[in-house]
Amino acid sequence: MEENKKSKTSLRAKADKIKDFRCKNLIAVIEYPTDLKNIGTIIRNVNALGVEKAYIVTDDQSVPDDWQEMRGRKALNAISASAIKWSFVRKFHDTESCLGHLEKKGFVSVVTSPHTKGRKNVILHEADYTKYKKLAVWFGNEGIGISHLALERSELCVNIPMFGIIESLNLGTSSGIVLYEITRQRREFQNKLKAKIAANKSAKRSALPATKHLA
């Protein structure tokens, strides 16, 4: 009992410690996934890479509507390696309602696809993901990919460059690659911004005594 309590306290302390390294205003959206394992893998990627939230667009009842119930599901806990307990996950029943919610909150959507089919297509590492204050990254269905609706209302269509005979990756792998690059850019940008703010505050504090003395 005591050991379990210490373990929970240790995990909470670790969660608090890494809070500053999370990418704020970054959401990963999984659109109509058919494999529960892929949902678990993406939630695990989301947690490991410091993405703020995960949204799941699905009408599958194996994914509960309630967040707390979702976190308590043994299947989702097992396949996400317990990441779902430490991640914010929300379910939407259709693409329109998810897009509507994101747009109302001021989020820009980018979609991912192994093929160039959007209004503006970019290679993953060639795009700048720091210029969007609020960003939602969409991952489509394992079979048919991203929906036409999500594609239509997205800012960019991002694809991973591939050089083999096989020109597609499974959903879990592709989400990890895409989210790694995006979180890398946004975390670096956040750190530079924090350093700049800290430097400005320090400069103001240093100038304060001199100002008082002159007065």
Side-chain angles (χ1 to χ4, degrees), residues 18-33 35 37-57 79-81 83-84 86-90 98-99 102-103 105-142 145-147 150-196:
I18 63 174
K19 194 181 288 184
D20 289 341
F21 296 97
R22 290 170 69 196
C23 290
K24 295 179 180 178
N25 296 315
L26 179 63
I27 298 173
V29 184
I30 321 165
E31 188 186 33
Y32 293 113
D35 190 339
K37 287 181 181 178
N38 283 331
I39 296 176
T41 300
I42 293 176
I43 291 171
R44 188 174 181 175
N45 289 342
V46 161
N47 187 273
L49 295 171
V51 178
E52 189 171 38
K53 297 176 182 177
Y55 286 176
I56 307 170
V57 178
I79 58 180
S80 70
I84 197 166
W86 302 95
S87 309
F88 181 94
V89 184
R90 180 171 176 176
C98 186
L99 282 167
L102 288 167
E103 288 165 2
K105 296 288 184 180
F107 278 82
V108 169
S109 288
V110 301
V111 298
T112 56
S113 172
H115 307 291
T116 56
K117 57 183 181 181
R119 287 177 297 133
K120 185 177 179 183
N121 302 288
V122 294
I123 302 296
L124 174 63
H125 59 277
E126 294 179 356
D128 178 7
Y129 305 101
T130 65
K131 62 183 180 180
Y132 309 108
K133 186 176 180 181
K134 296 182 176 184
L135 183 64
V137 187
W138 288 66
F139 300 94
N141 173 274
E142 295 92 334
I146 205 75
S147 72
L151 186 65
E152 217 174 39
R153 285 160 68 173
S154 65
E155 182 74 16
L156 301 172
C157 179
V158 178
N159 62 86
I160 302 169
M162 297 183 204
F163 309 100
I165 300 298
I166 304 301
E167 294 187 330
S168 66
L169 297 167
N170 69 46
L171 192 56
T173 302
S174 61
S175 70
I177 293 170
V178 170
L179 292 175
Y180 178 84
E181 175 61 22
I182 293 175
T183 54
R184 182 192 67 78
Q185 287 191 24
R186 290 176 74 88
R187 193 174 289 111
E188 189 176 290
F189 178 80
Q190 284 179 187
N191 290 340
K192 285 180 180 177
L193 189 61
K194 284 178 186 176
K196 188 177 179 181

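Since the structure is predicted, the reported quantities are computational estimates derived from the model, not experimental observations.
- I42 has its side chain within reach of S175: a pair of non-hydrogen atoms, C-beta onward, lies under 4.5 Å apart.
- With sequence neighbours left out, the ring pair (Phe, Tyr, Trp, His ring centres under 6.0 Å) criterion links Y132 to no other residue.
- Taken from CZ in R186 to CG in D128, the straight-line distance is 9.5 Å, to the nearest 0.5 Å.
- Donor-acceptor pairing under 3.5 Å is lacking for the side chains of E31 and N141.
- Contact annotation: the side chain of N159 never approaches that of T112 to less than 4.5 Å [non-hydrogen atoms, C-beta and beyond].
- Side-chain atoms of W138 and Y55, non-hydrogen and from C-beta on, never get closer than 4.5 Å to each other.
- At a cut-off of 3.5 Å, with distance as the only test, a side-chain donor of N47 or S87 sits close to an acceptor on the other residue.
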Worksheet item: Between L135 and I182, does a side-chain contact (heavy atoms from CB on, under 4.5 Å) hold up when you go through it step by step?
Response: CA-CA 10 Å; L135 183 64; I182 293 175; 4.1 Å; yes
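- The distance from the CD1 atom of I84 to the CD1 atom of I43 is 4.0 Å, given to the nearest 0.5 Å.
- R187 contributes atom CZ, which lies 9.0 Å from atom CG of L26 (distance to the nearest 0.5 angstrom).
- For A28 against V51, the heavy-atom pair with the smallest separation is N-CG1, 3.9 Å.
- If you take CD1 on I177 and CG on N45, they are separated by 10.0 Å, rounding to the nearest 0.5 Å.
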Fill in: CA sep, side-chain torsions, deciding dist, call: I30, L171, side-chain contact (heavy atoms from CB on, under 4.5 Å)
CA-CA 9 Å; I30 321 165; L171 192 56; 4.3 Å; yes
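- Between V108 and E155, the shortest heavy-atom contact is CG1-CB, 3.5 Å.
- Counting only N and O atoms by type, the side chains of T41 and N38 include no donor and acceptor under 3.5 Å apart.
- In this structure, V89 and I56 have side chains that are in contact, with non-hydrogen atoms separated by less than 4.5 Å.
- Residues E52 and C23 are not in side-chain contact: their nearest non-hydrogen atoms beyond the backbone lie 4.5 Å or more apart.
- Distance alone, capped at 3.5 Å, places no donor-acceptor pair between the E142 side chain and the N170 backbone.
- Considering CZ of F107 and NZ of K53, their distance stands at 6.0 Å, rounded to 0.5 Å.
- The neighbour count for K134 NZ, taken as heavy atoms of other residues, nucleotides or ligands under 6.0 Å away, is above 12.
- V178 has its side chain within reach of L124: a pair of non-hydrogen atoms, C-beta onward, lies under 4.5 Å apart.
- Contact of the V158 side chain with the Y129 side chain is registered, since non-hydrogen atoms from C-beta on lie closer than 4.5 Å.
- When all heavy atoms of S154 and L151 are compared, the pair lying nearest together is OG-O, 2.7 Å.
- The two atoms that bring L99 and A150 nearest to each other are CD1-CA, 4.2 Å, heavy atoms only.
- Applying the salt bridge (Lys or Arg N to Asp or Glu O under 4.0 Å) criterion to E181, with sequence neighbours excluded, gives R184.
- Contact annotation: the side chain of L102 approaches that of V29 to within less than 4.5 Å [non-hydrogen atoms, C-beta and beyond].
- In this structure, E152 contributes its side chain and S147 its backbone to no donor-acceptor pair below 3.5 Å.
- In this structure, OG on S174 lies 9.0 Å from CG on L179, to the nearest 0.5 angstrom.
- Applying the salt bridge (Lys or Arg N to Asp or Glu O under 4.0 Å) criterion to K192, with sequence neighbours excluded, gives E188.
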